[in-house]
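Side-chain atoms are counted along with the backbone in the values below, which use heavy atoms only and exclude waters and symmetry mates. None of these values were measured; they are calculated from a predicted model.
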Amino acid sequence: MTFRLYDTATRDVRDFVPLEEGKAGLYVCGLTVQSEPHVGHVRSAVNFDVLQRWLRLRGYDVTFIRNVTDIDDKIIAKADGFGRPWYSHAAAMKRELDKAYAALNVAPPTYEPLATGHIPEMLELIETLIEKGHAYPAADGSGDVYFDVRSWPQYGELTRQGIDDMEAAEDADPRGKRDPRDFALWKGRKESEPETASWPSPWGRGRPGWHIECSAMAGKYLGPAFDIHGGGVDLRFPHHENEQAQSRAAGHPFASYWMHNAWITTAGEKMSKSLGNSLTIPSVLQRYRGIELRFYIVAAHYRSHVEFSFEALDEAAVGFRRIESFLERAGDVEAGALPDAFVAALDDDLGTPAAVAVIYDTVREGNKADDPRPYAAEVVAMLDVLGINPADPAWGTSGGDDQKLTDAVDALVAGLLEQRAQARADKDFAAADAIRDRIKAAGIEVEDTPHGPKWSIS
RNA sequence: GGUGGGUUGGCCGAGAGGCGAGGCAACGGACUGCAAAUCCGUGUACACGGGUUCAAAUCCCGUACCCACCUCCA
């Protein structure tokens, strides 16, 4: 059985055939670090994290590049609002992003290049495009350089659009463009912009256009041709279309497969960066554990639109706790083998919903069995693939004060449970229940198990 | 105008021609002193109208509604 994935470019599910046997080169568009990350951003990261884990488990030597855009219009504009330089703002938001990734157990990529660290590579690519007749410096002396879409007949092939069918942007400032659809490879510095946000170039000081960074960095770290390019659906056009056009026009075959994750919306609206609402990662993590949010994300297919709601997240969290309590009952086990159905699910375009169903089936079998451990071993292995194994150290240890607090509560509850045990032994159930109710009033649930009573925070 | 996607039971969410994915909730039962947990059972769900087929949620035609992208976006 081979891994199959949906390729946006061909619009069908195809066998994954890497360019080089046993290796997989993966480039994913990360974020523009302009504001706090929200649930939608993290969905993309989690989806591609699962892809990375699956490819590795499938035996591929994976090179995973996920870039960070740390210079662009919005960053400059937003930094102004904070009263700090653009680079300071970008760095601060990058730290928030890293925290969010860590909180969701998103494994780090092989390398995480910054746009500002690759200006020479971009300039080189732009010059190649000019030499080949696919780009030109603006005639208006602005210092801008544009990609000439009319010079590239395949323009629009990724998203199956004809140039003449495209609407020109309403706010399109024709500037020095030959065609309104031409896009900026390089932006000449404007007087209003900070000097620090510009770099020297053959066309004067300026900064890179948005798309060129990905072409340059993918080329540098993965080579002119690589296997998979990913990102959110919104990036298909213009970003990915432009990336592909400029890379291929420069003579690079570029990506073999394109993967795009769907949106998470709220109240029917997409989470735009401008909303800045309650769905930032820090705010969601005040109410739910990272592992619960990740489970919620992974329980839906990456290509399906998700309408975010706290009710749905609640349900997911409750369901996930059933898996966790099964593992607690089973005790410590090593990861075992993956059930065939689970492997088949992930091989089929990362079918995580079907994979989660296999986890639940296994949990049920384990709950029925005299010895749950073999089942727990399978469950642990499956959870590891999805990045939601509660025992994974990535979720952090609750040591220190938490542990001291737990010990203190345990000592107090233990005394009460002894009294209750005595009452039960005396068949004085009214007294026994009164003790249990009193403990419950403090927010602690008592359950009787074959191994004696157990308490947990309710 | 162009391009892509969607509409599944009380709710979430898979599936892409033929045994009702899975979860949450609800109800009944087993277990329990009672609970909890766990297990067993209970649902005739596929936007609408036609069509193809022995068989359609799944394919075809049409209709309605929703969403995304068209140079800031995960």
**Message:** Please name the nucleotide paired to B/G17 by Watson-Crick or G-U wobble geometry with both distances under 3.5 Å, or report none.
**Reply:** none

**Prompt:** Whole Å only: how far is the NE2 atom of A/His260 from the P atom of B/G6?
**Reply:** 16 Å

**Asked** Hey, is the side chain of A/Asp448 pairing donor to acceptor with the base of B/U32 inside 3.5 Å?
**Response** no

**Request:** Answer with base, sugar-phosphate or nothing: what part of the nucleic acid does A/Gly30 contact at a heavy-atom distance below 4.0 Å?
**Result:** sugar-phosphate

**Request:** Go through A/Arg364 and A/Asp361 one step at a time and tell me if the salt bridge (charged side-chain N to carboxylate O under 4.0 Å, His left out) criterion holds.
**Result:** CA-CA 5 Å; A/Arg364 192 182 318 106; A/Asp361 289 341; 3.5 Å; yes

**Fill in**
So the salt bridge (charged side-chain N to carboxylate O under 4.0 Å, His left out) pairs with at least one residue in residues 236-250 of chain A (sequence neighbours excluded) are A/Glu157-A/Arg248

**Item:** Salt-bridge criterion met for A/Asp349 and A/Arg14 (N-O under 4.0 Å)
**Value:** no

**Request:** To the nearest Å, give me how far apart CE (A/Met382) and P (B/G23) are.
**Result:** 13 Å

**Asked** Do the charged groups of A/Lys368 and A/Glu365 touch, with an N to O distance under 4.0 Å?
**Response** yes

**Asked** Looking only at atom C1', what distance separates B/C31 and B/C40, rounded to whole Å?
**Response** 11 Å

**Item:** Assigned partner base of B/G4, Watson-Crick or wobble definition, under 3.5 Å
**Value:** B/C67

**Message:** With hydrogens left out and only the distance checked, is there a donor-acceptor pair under 3.5 Å joining A/Arg436's side chain and the base of B/C34?
**Reply:** yes

**Asked** For atom C1', what is the distance between B/C59 and B/A21, given to the nearest Å?
**Response** 22 Å

**Message:** Could you tell me how far B/A30 sits from B/U53 if I compare only their C1' atoms? Round to whole Å.
**Reply:** 46 Å

**Message:** Counting only Watson-Crick pairs (N1-N3 plus N6-O4 or O6-N4) and G-U wobbles (N1-O2, O6-N3), all under 3.5 Å, who is the partner of B/U42?
**Reply:** B/A26

**Request:** Assign A/Asp361 to base, sugar-phosphate, or nothing according to its heavy-atom contacts below 4.0 angstrom with the strands shown.
**Result:** sugar-phosphate

**Message:** Using heavy-atom distances to pick each residue's nearest nucleotide on RNA chain B, tell me which of A/Phe295 and A/Leu235 is more 5'.
**Reply:** A/Phe295

**Crowding at OH, A/Tyr288 (>12 non-hydrogen neighbours, <6.0 Å)** = yes

**Item:** Whole angstrom value for the distance that separates P of B/A36 from CG of A/Asp437
**Value:** 13 Å

**Message:** On the side chain of A/Asp164, is there an atom forming a donor-acceptor pair with the base of B/G2 - under 3.5 Å, no angle test?
**Reply:** no

**Asked** Where does the angle between the aromatic ring planes of A/Phe147 and A/Tyr155 fall among parallel (under 30°), tilted (30 to 60°) and perpendicular (over 60°)?
**Response** tilted

**Prompt:** Taking the six-membered ring of A/Phe308, is NZ or CZ of A/Arg43 closer than 6.0 Å to its centre and within 45° of its axis?
**Reply:** no

**Fill in**
Note: contacts of residues 413-424 of chain A with RNA chain B (heavy atom, under 4.0 Å) are A/Arg420, A/Arg424

**Item:** For B/C72, the Watson-Crick or wobble counterpart (both distances under 3.5 Å)
**Value:** none

**Prompt:** Above 12 or not: heavy atoms from other molecules or residues under 6.0 Å from CZ of A/Arg373?
**Reply:** no

**Message:** Counting only heavy atoms not in A/Asp332 (residues, nucleotides, ligands), do more than 12 fall under 6.0 Å from its CG?
**Reply:** no

**Item:** Ring-face cation contact, A/Phe48 with A/Arg66, 6.0 Å cut, 45° max
**Value:** no

**Asked** Say you pick atom C1' in B/C46 and the same atom in B/U32; how far apart are they, in whole Å?
**Response** 41 Å

**Short side-chain N/O contact to B/U71 OP1/OP2 from A/Asn242, under 4.0 Å** = no

**Item:** Pairwise C1' distance, B/C12 and B/U3 [rounded to whole Å]
**Value:** 30 Å

**Message:** Measuring to OP1 and OP2 of B/G4, would you say a side-chain N or O of A/Arg11 lies under 4.0 angstrom away?
**Reply:** yes

**Prompt:** Does CZ in A/Arg84 sit with more than 12 non-hydrogen atoms of other residues, nucleotides or ligands closer than 6.0 Å?
**Reply:** yes

**Message:** In this structure, how many angstroms lie between the P atom of B/G23 and the CZ atom of A/Phe320, rounded?
**Reply:** 15 Å

**Asked** If pairing requires Watson-Crick or G-U wobble contacts with both distances under 3.5 Å, which nucleotide is the partner of B/U53?
**Response** none

**Fill in**
Rounded to whole Å, CZ of A/Arg329 lies from C1' of B/U38 at a distance of 6 Å

**Request:** Please work out which of the three classes, parallel, tilted or perpendicular, describes the rings of A/Trp54 and A/Phe342, given edges at 30° and 60°.
**Result:** perpendicular

**Request:** Any chance you could list the contact pattern along nucleotides 10-16 of chain B? Use B for base contacts, S for sugar-phosphate-only contacts and - for none, protein heavy atoms under 4.0 Å, 5' to 3'.
**Result:** -BSSS--

**Item:** Base-pairing mate for B/C48 - Watson-Crick or G-U, with both contacts under 3.5 Å
**Value:** B/G62

**Request:** Provide the distance between the two P atoms, one in B/C24 and one in B/U58, to the nearest whole Å.
**Result:** 29 Å

**Prompt:** Atom CD of A/Glu328 to atom P of B/U38: distance rounded to whole Å?
**Reply:** 12 Å

**Request:** Can you check whether any acceptor in the base of B/C39 is under 3.5 Å from a donor in the side chain of A/Lys368, or vice versa?
**Result:** no

**Message:** Counting the atoms with a prime plus P, OP1 and OP2 as sugar-phosphate, which does A/Val318 contact under 4.0 Å by heavy atoms, base, sugar-phosphate, or nothing?
**Reply:** sugar-phosphate

**Asked** Do the side-chain N or O atoms of A/Arg322 get closer than 4.0 angstrom to the phosphate oxygens (OP1, OP2) of B/C24?
**Response** yes

**Item:** Any N/O donor-acceptor pair, A/Tyr155 side-chain to B/U71 base, under 3.5 Å
**Value:** yes

**Message:** Can you confirm if the NZ or CZ of A/Arg287 lies within 45° of the ring axis of A/Phe310 and under 6.0 Å from the centre of its six-membered ring?
**Reply:** yes

**Asked** Under 4.0 angstrom, heavy atoms only, what part of the nucleic acid is A/Tyr360 near: base, sugar-phosphate, or nothing?
**Response** sugar-phosphate

**Asked** With sugar-phosphate meaning primed atoms plus P, OP1 and OP2, does A/Arg303 contact a base, only sugar-phosphate, or nothing at under 4.0 Å between heavy atoms?
**Response** nothing

**Item:** Pairwise 5' ranking along RNA chain B for A/Val149 and A/Ala262, keeping only the more 5' one
**Value:** A/Val149

**Asked** How long is the line joining CD of A/Gln161 and P of B/C70, in whole Å?
**Response** 10 Å

**Asked** Taking CZ from A/Arg364 and P from B/A37, how many angstroms apart are they, rounded to a whole number?
**Response** 16 Å

**Message:** Regarding A/Asp73, tell me which of base, sugar-phosphate or nothing describes its non-hydrogen contacts under 4.0 Å with the strands shown.
**Reply:** nothing

